[in-house]
Amino acid sequence: MPPEVLARFLPAWHGIGAESSSIDRLADVVFQLQGLALPASVIERDVLSARVRDYRPRLLDELVSMGEVVWAGRGSLGQQDGRVALIHGRLREQLARRPSFFPELYTAAGGGDTDAVLDALWDLVWAGEVTNDTFAPLRA
Amino acid sequence: HPRAVGRWSLT
């Protein structure tokens, strides 16, 4: 893809300057970025506020308190900051209902990009929260 | 990531 085409495509794909300000819009943004480690100081100030109109911290608090979104640390950055990844809670909700094969998890996560769902699943694996009834995923 | 194997569950 030529650089100028990519430069036009990326902001639109990320919904930079989106008109929507709802909590559903925020959930979509988190789903798109889930598993990505970002400095905690940057997530709300630069990333979410550019993608959700009239972003307010209360919106994210609401999603976290509902269990829709989970945050996980990804290492410190000096004494005042650290990297954090937002993870959509739908995988956890599904696994809390019953052990599941991947297609069921993918559906529960809302579909979309398979790699994004896999990244989130493996975040949970490496966090020690999720396991598999075979050793095969680790061997592969 | 391998995915088509086994069943996933909470630890």
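In what follows, every heavy atom counts, from backbone to side chain, and hydrogens, waters and symmetry copies are set aside. To find a chain, count down the sequence lines: A is the first, B the second, and so on, and within it residues start at 1.
- Atom CG of B:Leu10 and atom CD of A:Gln94 lie 10.0 Å apart (nearest 0.5 Å).
- Under a hydrophobic clustering in which Ile, Leu, Val, Met, Phe, Trp and Tyr are joined whenever their side-chain heavy atoms come within less than 4.5 Å, directly or via other members, A:Leu63 and A:Trp71 fall into the same cluster.
- Here the side chain of A:Thr131 pairs no donor or acceptor atom with the backbone of B:Thr11 at under 3.5 angstrom.
- No donor-acceptor pair closer than 3.5 Å links the side chain of A:Asp133 to the backbone N or O of B:Gly6.
- In this structure, CH2 in B:Trp8 is found 9.5 Å from CG in A:Leu95, a value given to the nearest 0.5 Å.
- Clustering ILVMFWY residues whenever any of their side-chain heavy atoms sit less than 4.5 angstrom apart, transitively, puts A:Ile16 in a cluster other than the one holding A:Val42.
- Of the atoms belonging to A:Leu91, not a single heavy atom falls under 4.5 Å from chain B.
- In this structure, A:Gln80 places its CD atom where only 12 or fewer heavy-atom neighbours from other residues, nucleotides or ligands lie under 6.0 Å away.
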